[in-house]
Protein chains: 2
Amino acid sequence: MLTKLDPALIRDLPPFSGMTLDQMTTLLAKATPLRADKGSHIFDMGAEARSFFLLLDGYIRVVRTTPNGEQVIARYIASGELFGIAEALGMKQYPASAVAAVDCVALSWPSDIWHATAAAYPAFATNTYKTIGGRLQDAQDRLVEMATERVEQRVASAILNLVERSGRQTDDGILIDFPISRQDISEMTGTTLHTVSRLMSGWENDGLVKSGRQKITVIGSEALSLIANKEGSSQ
Amino acid sequence: MLTKLDPALIRDLPPFSGMTLDQMTTLLAKATPLRADKGSHIFDMGAEARSFFLLLDGYIRVVRTTPNGEQVIARYIASGELFGIAEALGMKQYPASAVAAVDCVALSWPSDIWHATAAAYPAFATNTYKTIGGRLQDAQDRLVEMATERVEQRVASAILNLVERSGRQTDDGILIDFPISRQDISEMTGTTLHTVSRLMSGWENDGLVKSGRQKITVIGSEALSLIANKEGSSQ
DNA sequence: ATCCTGGTTTGATGCAGCGCAAACGCGGGA
DNA sequence: TCCCGCGTTTGCGCTGCATCAAACCAGGAT
């Protein structure tokens, strides 16, 4: 598993694009490998941001918890992505929790080498900031979506998003390749698991998806995408 | 007005903290002053991000427009803040439009000097990334709020936010010191101007706010804050 | 003084989606 | 094999808010 630590094997990951093999080798030498069992918390919201991470294998759920104990899923991290990069934005604490959605393998670096690292490897810094840019954009897209679209469309586009980013082709259709519940989807879209369940039952009847316990396979992504983009009733 | 260009006068703005007067002088030498009349667009969503900006005076509304023509207000920029810093995140286009909420004065720099500038003045880069971090955090906070809180609470906290960031003490109470309509508030909170109007009429009756045409004065900020944080019906 | 325009208020009505409740089914552990 | 627990499904009543519609009001232009 940790043979992945061979720089040649991960040199193609987006966070490292533009770096030389030598640079990567020195950077990787500073990393600590990390194994996280399904369900375990890699870090918790509000904790001091001691490390930043690169996910090598698995999926991570980034979650915010409200004062009232409700949860909102900010995003999923797929393998090859950086996460926990609070330090790059001058934050002292993690703004959200990272929970392993499946068994995961990651690398971690101490936060305090961030500045020196960024200075030494500008390409790495640039890549990181691009990642952050993408996430900011994404957050604002979702904000707009929450403000203007109704539940059905939000759920449809959440599923499409997951499929795009983490879909695996099977003979049935495209499978979201980590366990995901109705509850999870409701926490991504700001609704209740009941509503998600109802919607998906409907789609299952229409043959758009096929789903089981924590398992979703999309068959008619075009049709789903129609739903995601269809006008609400008026304006 | 543009006497403000004197570095000594703006050296205390957060984006420049940690820089020497000399550094600021060279940086300011590369800036172009800019005047934007109320209502004018400084840049539009989707346009090529040729410049980044520092607002010296006024207020800017950062707006996203949906495919259906609806608008969502992403945030307000107050004087002393940077905006349009897409280049720092490797974005080619502005992700939102910037509209002058009042007559504004700003400085602009060409985007392509960003990287050299960030390299030459690390403090400036750090400050900028902190700003971005704050905005990412803010976007995600609002996302959580949209997902979990009901309209009344969202409107209350939006108003409190505006008051905190742009409030001016008057004999009546704290005034939001730029023109802001019910419609604007609805576009910040994902509701309709009707609902905002109803809510605010109620608060006006209760003596929590006093408001006129595009003018809002908050009297009972503690009470408002209670509303903003009160539990929804259940859980 | 009068009109016009853009913002605001208020009423009436309908429905999407939530809260609550109960039952179901699959998969894993004993 | 049976049981238990967690995820899921489904029904029902209720309500928060959107939608539609109309009137109102203040300030600037003529």
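Chain naming here is simple, since letters A, B, ... match the order of the sequence lines and numbering starts at 1 in each.
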Is the backbone N or O of B:S181 less than 3.5 Å from a side-chain atom of B:D184, with the two atoms forming a donor-acceptor pair by type? yes

Spacing of B:L199 atom CG relative to C:dT8 atom P, expressed in whole Å: 14 Å

Please report, rounded to the nearest Å, how far the P atom of D:dG7 is from the CD atom of A:E187. 11 Å

Nearest listed nucleotide, side chain of B:R150, among D:dA18, C:dG7, D:dC17: D:dC17

A:T131 versus A:E81, side-chain donor and acceptor atoms under 3.5 Å: no

side-chain contact (heavy atoms from CB on, under 4.5 Å) for B:Q71 and A:T148? Distances and angles first, verdict last. CA-CA 9 Å; B:Q71 288 200 331; A:T148 63; over 6 Å; no

Please enumerate all protein N or O atoms sitting under 3.5 Å from an N or O of nucleotides 9-13 of chain D, with distances to 0.1 Å.
from: D:dT9; atom 1: OP1; to: A:R182; atom 2: NH2; distance (Å): 3.3
from: D:dT9; atom 1: OP2; to: A:R182; atom 2: NE; distance (Å): 2.8
from: D:dT9; atom 1: OP2; to: A:R182; atom 2: NH2; distance (Å): 3.4
from: D:dT9; atom 1: OP2; to: A:S197; atom 2: OG; distance (Å): 2.8
from: D:dT10; atom 1: OP2; to: A:S201; atom 2: OG; distance (Å): 3.2
from: D:dT10; atom 1: O4; to: A:H194; atom 2: ND1; distance (Å): 3.1
from: D:dG11; atom 1: N7; to: A:R198; atom 2: NH1; distance (Å): 3.0
from: D:dG11; atom 1: O6; to: A:R198; atom 2: NH2; distance (Å): 3.1

Only pairs under 3.5 Å count here: list side-chain donor-acceptor contacts from residues 201-213 of chain B, not counting sequence neighbours, and write none if there are none.
from: B:S201; atom 1: OG; to: B:S197; atom 2: O; distance (Å): 2.8
from: B:E204; atom 1: OE1; to: B:S211; atom 2: OG; distance (Å): 3.1
from: B:E204; atom 1: OE2; to: B:S211; atom 2: N; distance (Å): 3.1
from: B:S211; atom 1: OG; to: B:R182; atom 2: NH2; distance (Å): 2.8

Between B:S181 and C:dG7, is there a side-chain N or O to OP1/OP2 distance below 4.0 Å? no

Rounded distance (Å) that lies between atom C1' of D:dA18 and atom CG of B:N68: 16 Å

Could you give the CD-to-P distance, from B:E70 to D:dA18, as a whole number of Å? 12 Å

Within the side chain of A:R135, is there an N or O that forms a donor-acceptor pair under 3.5 Å with the backbone of A:R75? no

So which atom in A:V99 and which in A:G39 form the shortest heavy-atom distance, rounded to 0.1 Å? CG1-O, 3.7 Å

How many whole angstroms separate atom CE of A:M146 from atom P of D:dA18? 13 Å

Can you tell me how far C1' of C:dA16 sits from NZ of A:K230, to the nearest Å? 13 Å

If we fit an axis to the first five pairs and another to the last five of the helix from C:dA1-D:dT30 to C:dA30-D:dT1, what angle do they make, to the nearest 10°? 30°

What is the distance, rounded to the nearest whole Å, between atom CG of B:N205 and atom P of C:dT10? 7 Å

Rounded to whole Å, the NZ-P distance (A:K38 to D:dC6) equals 13 Å

Taking the side chain from A:R64 and the backbone from B:V144, do they hold a donor-acceptor pair closer than 3.5 Å? no

Would a distance-only check, ignoring hydrogens and angles, find a side-chain to backbone donor-acceptor pair under 3.5 Å from A:D37 to A:D103? no

Going by atom type alone, with no hydrogens or angles, which donor-acceptor pairs under 3.5 Å involve a side-chain atom of residues 48-56 of chain A and a protein atom two or more places apart or on another chain?
from: A:E48; atom 1: OE1; to: A:R50; atom 2: NH1; distance (Å): 3.0

Hey, what do you get for CZ (B:R154) to OG1 (B:T195), rounding to the nearest 0.5 Å? 10.0 Å

Go along nucleotides 25-30 of chain C 5' to 3' and tag each nucleotide: B for a protein heavy atom under 4.0 Å from its base, S when only backbone or sugar atoms are that close, - otherwise. B-----

Could you give all pairs that pass the ring pair (Phe, Tyr, Trp, His ring centres under 6.0 Å) test and reach residues 173-198 of chain A, with sequence neighbours left out? A:Y59-A:F178, A:Y76-A:F178

